[in-house]
Structures are given as structure tokens and as C-alpha cells.
Amino acid sequence: MSKNKQYILELLQEFGMVSEEQIKEARKKSADSQGKLDVIEALKSLGYVQDSELTAMLAQQYGLEVLDLQSYQIPSEVIETLTQEIVQQYRVVPVMKHDDVLTIAISDPADMETIDSLRYLLGCDVDAVVSSQEQIDKIIGQHYSSLSDSVESFIDELSTEQQLEGQLLAGIAGTAAAAEVEDDAPIIKLVSLIIIEAYKMRASDIHMEPLEKRYRIRYRVDGALREVEAPPKYLQANLTSRLKIMSRLDISEKRIPQDGRIQLKMAEKDIDLRVSTIPTTHGESIVMRILDKSSIQLDIPKLGFYADDLEIVNSILAMPDGIFLVTGPTGSGKTTSLYAFLNTINTQNRKIITVEDPVEYQLAGINQVQMDKQIGFTFAAALRSMLRQAPNIIMVGEIRDYETAEIAINAALTGHLVFSTLHTNDAPGAITRLIDMGVKPFLVASGVRAVMAQRLLRRICKSCSAPYTPIPSEVRLLGLSEEYLKTRQFCKGTGCEVCGGTGYKGRIGVYEIFKMSPEICNLVFNNESTGVIREAARRGGMRSLRDDALRKAEAGTTTLDEVIKSTMVDED
């Protein structure tokens with residue numbers, strides 16, 4: 001018998017709560033139970049000691065408060081501070097969290113070993129209140145031991161089709177099969193179903209967000225976030241831990257952002273998930289970007305280029321040197337466009353090298369390099385090394401700083417065709433952005449050959465597309481004249497099963513392209529503003545993003561609402 005149990009027996013005798021004969025009887029019953037009951041539990045079963053009396057005595061002896069868990073509501077965020085494994089191992093429950101101090105309910109306050117172990121495991125100070133073991137076990141049963149039942153219940157609420165598709169997950173790289181334990185099986189199944197449902201809905205991202213009183217899951221489908229049914233809030237910690245294990249992230253680190261990767265096979269297709277975590281007020285928020293290697297579109301005409309824009313693009317790709325910049329916000333399809341361009345000009349007599357962060361898709365016949373800032377292998381460092389490889393064509397994932405911009409410009413001026421991206425709102429803005437980075441205007445004028453800005457607009461679902469009359473607010477915001485409206489017909493999706501009731505399915509690119517003309521080169525050399533450069537590009541035939549979006553709306557490909565949301569008003 002442990003020293004703690006012996007000490008409790010001595011206290012019970014000292015307080016006159018049990019006699020020596022009753023203790024002997026309890027010892028005999030404990031021995032007869034073959035280890036199922038200790039002496040204290042035997043005293044309780046014989047009716048000599050009440051749980052509440054024992055709790056009050058121990059609390060008084062150690063100067064601790066007694067907490068009646070039957071009438072105490074434990075906040076969900078406090079429940080989440082301890083995992084199922086910890087509460088079941090130590091038979092304690094968290095009841096309060098204030099600053100960096102966690103208060104736990106414990107039945108034996110003499111068990112300092114448990115309190116010290118929790119302080120070490122949690123990395124914070126731990127205080128204790130005394131509650132009966134019966135009440136503690138009941139709380140564990142309600143909030144922790146029922147984990148499997150809760151997950152299975154939530155899964156049962158999903159459609160049978162979703163459950164069947166759970167079999168599509170054939171394997172997950174980065175997880176050790178030996179580490180899987182039976183208790184975790186429901187969480188494994190739940191995470192799998194969340195990923196499968198996102199893939200089924202053609203989502204590009206999965207957002208798992210902890211809010212104050214609930215856990216929210218949203219899928220980004222065709223560029224728009226769509227909330228789906230989410231599991232209970234108290235499963236948040238289990239889901240986070242599972243995903244971090246799959247991504248090879250540090251599950252004990254919750255204070256700093258982390259980035260990882262999950263590789264899996266679904267329906268014979270290789271899928272990559274780029275996982276990002278960030279600490280928020282109510283827990284760690286997780287975003288997973290879904291990269292389906294089989295879905296990348298490498299055929300330029302299918303990206304949404306009309307014949308006139310396609311002619312400009314082909315003339316740029318035929319150039320022997322110079323920089324071709326693609327601009328736009330995150331998620332506007334810049335990488336897909338660059339991959340399609342490289343795939344088109346990837347021939348046996350050309351050597352192509354790319355440096356990316358990260359390498360999103362493998363392109364056959366192209367040397368792709370992964371950037372790694374942690375070891376000092378930046379875009380600039382990689383670009384220097386790439387030039388020693390004597391390539392014909394170079395692709396730099398993004399120009400982020402002066403050093404990278406300068407090396408890229410010099411490469412363009414020494415006979416290389418360079419592709420890269422920038423984050424600007426429009427095509428002319430890329431010119432002034434390079435100058436703002438510190439590149440000399442004459443180098444920009446000499447090195448840049450063309451710039452393309454792009455956006456992705458949602459396509460109207462073909463299954464429910466129907467004629468549509470623009471509402472007054474759309475006419476006003478787009479500045480459409482009555483004469484213009486008389487000669488055009490627009491469409492809008494009414495919503496059906498195919499598109500999930502949204503009226504949209506898939507996306508199409510809209511583009512703004514201009515080639516450097518002598519007039520624009522002169523303006524850049526004189527360090528003119530973006531507005532002046534834009535006017536010159538328009539005079540040279542550049543069609544704005546809004547112009548291109550409008551003609552795709554006229555063709556019934558997208559809606560006027562998408563045009564307004566995704567493009568800026570053209571400057572006069």
C-alpha cells in the first residue's frame with residue numbers, strides 16, 4: 001500500500017472516523033478482491049466511510065477548498081487544457097484556468113507526485129481543490145471517456161455516401177502506423193472524412209477555426225468560403241493534435257505558427273495538403289491548402305484566354321530574353337499560369353530551371369528547386385546558383401526584395417527568359433513596384449518585356465444557367481449604358497444539386513496584359529507614375545481586368561456580380 005493510502009488511514013483513525021477492527025475488515029476485503037479494491041475503497045464499500053466525509057477531511061488537513069463538481073459548470077476551454085490520456089492516467093479534471101495557473105480537482109491532495117507531474121507536462125503552475133473521486137470519474141466520463149461515442153455520433157450524422165468514401169484514403173505519408181492506438185481511431189476517421197468531403201466539394205482550402213463557444217470548419221470552393229457542419233467544440237484539441245501529428249509538427253508547441261505537409265492518396269490520385277497553424281485567442285487555427293497534382297491545367301487556351309490575349313501571350317513566350325511578370329493577389333492563379341507557360345515552351349533544346357516556395361506540382365522535364373530560408377537558400381541565393389547551370393529559361397516563384405529583383409533583371413539582360421510573380425493590383429503597378437524595391441528605372445525599362453495581371457472569377461454552373469436582367473445597382477456600379485444593355489444578354493445560375501445551390505461551378509481567369517512599347521519604356525525611364533503608364537498601355541491596346549471580365553460576363557461565362565467583386569473600376 002502506498003504511503004499516501006497509509007497516511008489517509010492514520011488520519012481516519014485520528015479523526016475517529018474508523019476503528020482498528022473496521023480497517024482490518026477492509027484489509028481482508030481488499031485482499032479478497034485480488035487487487036480490484038484498495039483499503040480505502042473497501043472501507044467505502046463496507047459503508048464505514050462516506051466519500052463526502054473523506055473529501056472534507058482531506059481538504060481540511062491540507063488547507064484546500066472542497067469543490068462540489070455536481071453543481072459546478074466547467075468551461076469548455078478549461079476542459080480542453082488536459083487531454084483524454086492525462087485525465088484517465090491521473091484521474092483528475094481541470095476546473096479553472098487563470099493566467100498561467102491551472103486548478104485541478106483531485107481526490108487525494110497528498111498525491112504531490114501527480115501535481116508535480118502535471119506541472120512538468122503542462123509547463124504551468126498547478127493548484128488543487130479537493131473533490132470526491134466519484135464526481136471526478138463522472139466528469140471524465142462526460143467529457144473525455146465519451147470521446148469515441150461523440151465522434152462516432154457526429155460521423156453517423158454525415159451521409160452514408162460520405163462514410164463510404166472514407167475508404168478512399170489509402171495511405172497517409174508522415175504518420176507512423178505503429179503510433180496509431182485504438183482510442184484514436186474515431187478521430188482518425190473524422191479527420192479523414194473532413195478531408196474527403198473537402199476534396200469531394202472541389203475545395204482549395206480547409207479552414208478549421210476555434211471560436212469562443214464553437215469550432216468552425218469552412219471550405220473554400222471556387223474562391224468563396226462555405227461553412228459546413230462541424231464537430232463539437234471539445235473535440236478541438238484532439239483534431240488539432242491529430243493534424244499536427246500527420247503534418248509532422250510539434251504537438252507540444254502552441255505559442256508560435258507552424259507549417260507542415262501531408263501527403264495522401266485518394267481515389268488513386270496523389271494529394272498534397274499544405275498545413276499552416278497559428279495561435280489565436282481560443283486555440284490554434286489550422287488552414288490546409290489542397291493541391292491535387294492531377295488537376296493542374298497546363299493547356300493555355302483552357303485557362304480562359306480569348307484569341308487576342310492568347311496571341312499576345314504566344315508572342316511573349318517566343319521572345320529569347322527579358323522578364324515576363326505575372327501579378328495578382330494570393331490565390332489568383334499566378335502559379336498555374338506560369339506552369340502552363342513553362343509546359344508550352346518545354347522542349348528538348350531548352351533547359352528550364354525553377355525556384356519555388358514551395359514546389360507545388362512536379363513538371364516533367366523541368367528542373368525544380370525548393371527554396372529553404374532556414375538554411376539561407378533564398379530566392380536570390382538560388383537564382384545565383386541557377387545561372388551557373390546555363391539555363392535558357394528561369395522561373396522565380398516570387399520577386400520579394402531588391403536582391404532577387406536585381407539578379408532577375410541582370411539575368412534577363414544577359415540572354416535569359418525569366419518568369420516571375422509580384423503582388424500588385426494591376427499590370428502597370430508591377431513596373432513601379434520594381435522601382436520602389438530599388439531597381440534603377442533604366443534597368444526595368446530594358447529588362448521587362450511584358451506584364452500580365454490576373455484574377456479568378458467563378459463560372460456560372462452550366463446545369464442551372466438562365467438568362468438574367470442586371471439590377472440597377474449592378475448597372476450603376478459598372479457604368480453600363482442603356483444602349484450597351486440593349487445589345488447584351490447576361491446569365492446567372494439559379495442553383496441546383498450539381499453546384500450545391502450556389503449557381504457557380506469552377507473558375508475562369510480574367511487577364512490584363514501589356515507589352516513594353518517604346519512609349520512605355522520612355523515613361524519608365526523617366527520614372528513616371530503608375531497612372532501615366534496605365535494610360536499609355538491602354539492607348540497601346542491593353543484591355544483592363546474589368547474589360548476582360550465584362551466580355552466573359554457577356555458570353556454567359558460569369559456574372560456581373562463576380563465582375564464587380566473581383567475587378568477594380570478602370571481609371572479614366
*Taking atom OG of S131 and atom CG of L58, what is their separation to the nearest 0.5 Å?*
11.5 Å

*asked:* Using a strict threshold of under 4.0 Å (side-chain N to carboxylate O), is an ion pair present between D272 and R261?
replied: yes

_So, taking the atom named CD1 in I104 and the one named CG in L67, what distance separates them when rounded to the nearest 0.5 Å?_
12.0 Å

*Looking at residues at least two apart in the chain, or sitting in another chain, which of them share a salt bridge (charged side-chain N to carboxylate O under 4.0 Å, His left out) with K244?*
E284

*Kindly give the heavy-atom pair with the smallest separation between Q13 and S19, and that separation in Å.*
NE2-C, 4.5 Å

*asked:* Does any part of the side chain of V191, heavy atoms only, come nearer than 4.5 Å to the side chain of M246, both counted from C-beta?
replied: yes

_Under a 4.0 Å threshold between the charged nitrogen and the carboxylate oxygen, would E25 count as salt-bridged to R27?_
no

*asked:* Atom CG of residue position D436 - does it have more than 12 heavy atoms of other residues, nucleotides or ligands inside 6.0 Å?
replied: yes

*asked:* Take a 6.0 Å sphere around CD of E65 and say whether it holds more than 12 heavy atoms from other residues, nucleotides or ligands.
replied: no

*At their closest point, which heavy atom of L456 faces which heavy atom of G333, and how far apart are they?*
CD1-N, 3.9 Å

*Would you please test I195 and L273 for side chain to side chain contact (heavy atoms under 4.5 Å, CB included) and show each step?*
CA-CA 9 Å; I195 295 172; L273 298 180; 3.7 Å; yes

*Quick one: does Y219's side chain have a donor or acceptor within less than 3.5 Å of a partner on I194's backbone?*
yes

*Exercise: identify the closest heavy-atom pair between I115 and V126*: CG2-O, 4.0 Å

*Apply the test side chain to side chain contact (heavy atoms under 4.5 Å, CB included) to residues T354 and Y339: give CA-CA distance (whole Å), side-chain angles for both, the deciding distance (0.1 Å), then the verdict.*
CA-CA 10 Å; T354 75; Y339 279 167; 5.7 Å; no

*asked:* Rounded at 0.5 Å granularity, tell me how far CZ in R455 sits from OG in S566.
replied: 8.0 Å

*What pair of heavy atoms forms the shortest contact from I136 to S107, and how long is it?*
CD1-N, 3.6 Å

*Heavy-atom check, side chain of V369 versus side chain of F379, under 4.5 Å*: no

*E253 side chain to D250 main-chain N or O, any donor-acceptor pair under 3.5 Å?*
no

_Looking only at the side chains, is there a donor atom on one of E398 and S420 sitting less than 3.5 Å from an acceptor on the other?_
no

*Locate the shortest heavy-atom distance separating D205 from H207; write the atom from each residue and the value.*
CB-NE2, 3.6 Å

*Please answer whether the main-chain N or O of C499 pairs with a side-chain N or O of T502 as donor and acceptor at a distance below 3.5 Å.*
yes

_With rounding to the nearest 0.5 angstrom, report the CG to OG1 distance, L122 to T83._
8.5 Å

*Salt bridge present between R400 and D357 (N-O < 4.0 angstrom)*: yes

*asked:* Any heavy-atom pair between the side chains of V95 and Y72 that's under 4.5 Å?
replied: yes

*State whether the number of non-hydrogen atoms from other residues, nucleotides or ligands found under 6.0 Å of Q370 atom CD is greater than 12.*
yes

*asked:* With a 4.0 Å cut-off on N to O distance, would you call E227 and R214 a salt bridge?
replied: yes

*Output yes when K97 and E77 qualify as a salt bridge under the 4.0 Å nitrogen-oxygen rule, no when they do not.*
no

*Decide yes or no for L102 and L82: does some side-chain heavy atom of the first lie under 4.5 Å from some side-chain heavy atom of the second?*
yes

*asked:* Before you tell me yes or no, could you show the steps for I251 and I245 under side chain to side chain contact (heavy atoms under 4.5 Å, CB included), namely the whole-Å CA-CA distance, both residues' side-chain angles and the distance that decides it to 0.1 Å?
replied: CA-CA 7 Å; I251 62 171; I245 289 171; 3.7 Å; yes

_T421 side chain reached by I399 side chain, heavy atoms, under 4.5 Å_ = no

*asked:* Any side-chain to backbone donor/acceptor pair from Y504 onto T558? Under 3.5 Å, distance only.
replied: no

*asked:* Just by distance, no angles: are the side chains of Q236 and K233 close enough, under 3.5 Å, to form a donor-acceptor pair?
replied: yes

_Could you check whether any side-chain heavy atom of V78 comes within less than 4.5 Å of a side-chain heavy atom of M96, counting everything from C-beta outward?_
no

*Passes side chain to side chain contact (heavy atoms under 4.5 Å, CB included), H423 versus T330? Steps please.*
CA-CA 8 Å; H423 287 284; T330 301; 3.5 Å; yes

_Treating S276 as the side-chain partner and D259 as the backbone partner, does any N or O pair qualify as donor plus acceptor under 3.5 Å?_
no

*Would you say the side chain of P279 lies within less than 4.5 Å of the side chain of I256, judging by non-hydrogen atoms?*
no

*asked:* I'd like to know if K200 and E197 make a salt bridge, using a cut-off of under 4.0 Å between side-chain N and carboxylate O.
replied: yes

*When you look at CD of E497, are more than 12 heavy atoms from neighbouring residues, nucleotides or ligands closer to it than 6.0 Å?*
no

*Report yes or no: does Q258 contribute a side-chain atom to a donor-acceptor pair with the main-chain N or O of L249 at less than 3.5 Å?*
no

*State which residues pass salt bridge (charged side-chain N to carboxylate O under 4.0 Å, His left out) with R433; sequence neighbours excluded, sorted by chain then number.*
none

*Hey, does L12 have a side-chain heavy atom less than 4.5 Å from the side chain of L43?*
yes

_Can you see whether D111 engages T114 through a side-chain donor-acceptor pair at a distance of less than 3.5 angstrom?_
yes

*Going by an N to O cut-off under 4.0 Å, is there a salt bridge joining R202 and D222?*
yes

*asked:* Treating K28 as the side-chain partner and I23 as the backbone partner, does any N or O pair qualify as donor plus acceptor under 3.5 Å?
replied: no

_Nearest 0.5 Å, please: how far is CG in L239 from CG in L190?_
5.0 Å

*Indicate yes or no for a side-chain donor-acceptor contact from K254 to the backbone of G283 under 3.5 Å, with no hydrogens or angles considered.*
no

*Examine distances only and state if a side-chain atom of T494 and a backbone atom of C464 form a donor-acceptor pair shorter than 3.5 Å.*
yes

*Does anything in residues 114-127 pair up under salt bridge (Lys or Arg N to Asp or Glu O under 4.0 Å), and if so which pairs, sequence neighbours excluded?*
D116-R119, R119-D125

_Under a plain distance cut-off of 3.5 Å, with no hydrogens placed, do K29 and S45 share a side-chain donor-acceptor pair?_
yes

*Of the non-hydrogen atoms in Q135 and Q70, which two are nearest, and what is the gap between them?*
NE2-CG, 3.5 Å

*Hey, does the side chain of S241 reach the backbone of N238 with a donor-acceptor pair shorter than 3.5 angstrom?*
no

*Can you tell me how far the CD1 atom of I74 sits from the OG1 atom of T81, to the nearest 0.5 Å?*
9.5 Å

